[in-house]
Amino acid sequence: MRRFVIRSLESAIRRGGASASSCRRFSSDSAPERKVAILGAAGGIGQPLSLLMKLNPLVSSLALYDIAGTPGVAADVSHINTRAEVVGYAGDEQLGKALEDSDVVIIPAGVPRKPGMTRDDLFNINAGIVKSLCTAISKYCPNAVVTMISNPVNSTVPIASEVFKKAGTYDERKLFGVTTLDVVRAKTFYAGKAKVPVAGVNVPVVGGHAGITILPLFSQATPASNDLSDDDIEALTKRTQDGGTEVVEAKAGKGSATLSMAYAGAIFADACLKGLNGVPDIVECSFVQSSITELPFFASKVRLGKNGLEEVLGLGPLSDYEKEGLEKLKPELKASIEKGIKFAQEN
Ligand SMILES: NC(=O)c1ccc[n+]([C@@H]2O[C@H](COP(=O)([O-])OP(=O)(O)OC[C@H]3O[C@@H](n4cnc5c(N)ncnc54)[C@H](O)[C@@H]3O)[C@@H](O)[C@H]2O)c1
Ligand SMILES: O=C(O)C[C@H](O)C(=O)O
């Protein structure tokens, strides 16, 4: 049963990210020690993400941190008979221990949306949370790869970069905004519309992670479909952009995407771990420091490696509809980036 669960997870992770051949070459038996810390581990995303990271054979040590509630989550998850040693940490005074020696830090800490809110409405609370957590990261594990889930990602990633710059620890290769859920959604929606098996589908999603800043590139989707009309592509684009809101409304005040986000966060963390371990050809979409447009941060396909971000890949050929979407998203994305930078510089 255990082997079945781990194999199923591994194959799901493989389908979503790295090439199957690269994964097979790198079995868990030869995997080096890797510590992963989850900040916000007792939350809606944090708990299922803790479970998925406990199932990941690349993780040898799993630190579950939150302001409260993590001893229970850690005790629960620690009984699962997989490789990772799990420790729960609660409260400010235990944050340093949670972070020490981490290779990858995943941050889903912060408040989620309620119906009628934008992600930017979360800025006032989450900006401060992210700033204090990143201050601790720069002190206790300055070399860790940081994967930012907390919204608004378009601003929290720039906040993190400024905090690290101020501390003198910024390495643009180690900071990632997690946009994997946009890719997960684009793949699912495209497969449904194009009537192709979802497991083989790939769709890059670029830009940022809020509304129109989310730009799925269905013209580059594989396998290609000739059956989709312009209206179909527009509907798919809109559904991907509004995917988060679709969940927020369906949950009717009880938060935003947690389970699909935990899955997406686990896929991205797994890709980072594989990159750190030297597995070749690990490519995912992520919101990173970038020069592929005039904006200082941008989501696109990136290659992951032993030092984190190895290469920011270009946008590739865009359809006219995508070119228009790209120009439309820039002012909003620019404003969100600048808001984050200003906050971190002034606070
Ligand atoms: N990037 C994405 O695609 C994506 C997807 C879904 C949700 N999110 C975002 O993720 C965040 C978390 O969502 P959720 O549904 O898990 O919310 P949640 O309220 O269920 O959980 C958040 C957790 O963060 C903890 N927390 C708050 N302040 C903290 C601090 N200073 N240190 C450590 N932990 C702290 C809370 O105690 C709570 O357990 C939200 O901002 C949400 O918008 C992002
Ligand atoms: O929509 C949200 O507020 C959460 C998240 O960003 C999502 O895309 O599901």
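Numbering of ligands and ligand atoms starts at 1, following listing order. One is the number of the first residue; the rest follow in order along the sequence.
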| task | Quick one: look up the protein heavy atom nearest atom 19 (O) of ligand 1 and list residue, atom name and how far away it is. | result | Pro112 CD, 3.5 Å

| request: Establish whether Tyr263 and Val248 are linked, either directly or via other cluster members, by ILVMFWY side-chain heavy-atom contacts under 4.5 Å. | output: no

| remark: Looking only at protein heavy atoms, what sits closest to atom 41 (O) of ligand 1 is Val111 O, 2.9 Å

| query | Can a salt bridge be assigned to the pair Lys195 and Asp227 using a cut-off of 4.0 Å between side-chain N and carboxylate O? | reply | no

| field | Nearest protein heavy atom with distance in Å, relative to atom 44 (C) of ligand 1 | value | Ile149 O, 2.9 Å

| message | Just checking Ile125: does its CD1 atom have more than 12 heavy atoms from other residues, nucleotides or ligands closer to it than 6.0 angstrom? | response | no

| query | In this structure, are over 12 heavy atoms from other groups packed under 6.0 Å from Glu85 atom CD? | reply | no

| Side-chain heavy atoms of Ser219 within contact of Leu318, under 4.5 Å | no

| query | Under 4.0 Å between a Lys/Arg side-chain N and an Asp/Glu carboxylate O for Lys328 and Glu324? | reply | yes

| said: Can you tell whether the side chains of Glu294 and Lys330 come within less than 4.0 Å, N to carboxylate O? | reply: yes

| said: Taking 4.0 angstrom as the limit and counting only heavy atoms of Leu122, give me the atoms of ligand 1 inside it, by number and element. | reply: 43 (O)

| Protein contact to atom 13 (O) of ligand 1 [nearest heavy atom, distance to 0.1 Å] | Ile45 CD1, 3.5 Å

| request: Mark the output for Met261 as yes if a heavy-atom distance to ligand 2 is under 4.0 Å, and as no if none is. | output: no

| message | Quick one, Arg34 and Val104 - any side-chain contact, counting heavy atoms below 4.5 Å? | response | no

| field | Side chain proximity check, Ile282 to Glu310, heavy atoms < 4.5 angstrom | value | no

| task | Establish whether Ile67 and Ile106 are linked, either directly or via other cluster members, by ILVMFWY side-chain heavy-atom contacts under 4.5 Å. | result | no

| query | Looking at Val178, Thr147, Ile137, which one forms a side-chain contact (heavy atoms from CB on, under 4.5 Å) with Ile107? | reply | Ile137

| note | Judged by heavy atoms only, the candidate from His209, Arg113, Lys254, Lys251 nearest atom 3 (O) of ligand 1 is His209

| Relative to atom 22 (C) of ligand 1, which among Ala136, Ser260, Gly40, Gly110 owns the nearest non-hydrogen atom? | Gly110

| Considering only protein heavy atoms, which is closest to atom 43 (O) of ligand 1, and at what distance to one decimal place? | Asn151 ND2, 2.9 Å

| Within-cut-off N or O pair, Asn151 and ligand 2, under 3.5 Å | yes

| field | Element-labelled atoms of ligand 1 that are located less than 4.0 Å from some non-hydrogen atom of Ala257 | value | 6 (C), 7 (C)

| Numbered atoms and elements of ligand 1 in range of Asn126, under 4.0 angstrom, heavy atoms | 41 (O)

| Spacing of CG belonging to Leu273 relative to CZ belonging to Phe268, to within rounding of 0.5 Å | 10.5 Å

| field | Shortest protein heavy-atom distance from atom 6 (O) of ligand 2, along with the residue and atom involved | value | His209 NE2, 2.6 Å

| request: Check each of Asp66, Thr156, Leu181 against atom 38 (C) of ligand 1 and report the one with the nearest heavy atom. | output: Asp66

| task | Have a look at ligand 1 and work out which part of Thr258, if any, has a heavy atom under 4.0 Å from it: side chain, backbone, both or neither. | result | side chain

| request: Examine ligand 2 and decide if any of its atoms is less than 4.0 Å from a heavy atom belonging to Arg185. | output: yes

| field | Under-4.0 Å heavy-atom contact with ligand 1, by part of Thr179 that carries it | value | neither

| said: Just by distance, no angles: are the side chains of Thr258 and Lys251 close enough, under 3.5 Å, to form a donor-acceptor pair? | reply: yes

| field | Leu133 and ligand 1 - part of the residue with a heavy-atom distance under 4.0 Å | value | side chain

| ligand 1 contact by Pro108, heavy-atom criterion under 4.0 angstrom | yes

| message | Between Val59 and Lys54, is there a side-chain heavy-atom distance shorter than 4.5 Å? | response | no

| query | Does Val247 reach ligand 2, in the sense of a heavy atom lying below 4.0 Å from it? | reply | no

| note | Atoms of ligand 2 under 4.0 Å from any heavy atom of Ser256, numbered from 1 in the order shown, are 2 (C), 3 (O), 4 (C)

| Counting each atom of ligand 1 from 1 as listed, which ones have a heavy atom of Val153 under 4.0 Å away? | 1 (N)

| said: With a 6.0 Å cut-off (strictly less than), is the heavy-atom count around NZ of Lys339, excluding the residue itself, greater than 12? | reply: yes

| note | For atom 21 (O) of ligand 1, the closest protein heavy atom turns out to be Gly43 CA, 3.3 Å

| said: With heavy-atom distances below 4.5 Å as the criterion, would you say the side chains of Arg83 and Ser60 are in contact? | reply: yes

| remark: Under 4.0 Å from one or more heavy atoms of Gly244, ligand 2 contributes atoms 1 (O), 7 (C), 8 (O), 9 (O)

| task | Give the residue and atom name of whichever protein heavy atom lies nearest to atom 18 (P) of ligand 1, and the separation in Å to one decimal. | result | Gly44 N, 3.8 Å

| task | State the atoms of ligand 2, each with its element, that fall below the 4.0 Å cut-off from a heavy-atom position in Ala257. | result | 9 (O)

| note | If we number the atoms of ligand 1 from 1 as shown, the ones under 4.0 Å from a heavy atom of Ala42 are 39 (O)

| Hey, are Glu162 and Lys166 close enough for a salt bridge, meaning a charged N less than 4.0 Å from a carboxylate O? | no

| query | Which protein non-hydrogen atom lies closest to atom 4 (C) of ligand 1, naming both residue and atom, and how far is it? | reply | Met261 SD, 3.4 Å

| field | From CD1 (Ile212) to CG (Leu333), nearest 0.5 Å | value | 9.5 Å

| Contact with ligand 1 for Ser132, non-hydrogen, under 4.0 angstrom | no

| query | Atoms of ligand 2 less than 4.0 Å from Arg113 heavy atoms? | reply | 1 (O), 2 (C), 3 (O)

| query | Which of the atoms in ligand 1, numbered in the order shown and given with their element, are less than 4.0 Å from a heavy-atom of Tyr65? | reply | 32 (N), 33 (C)

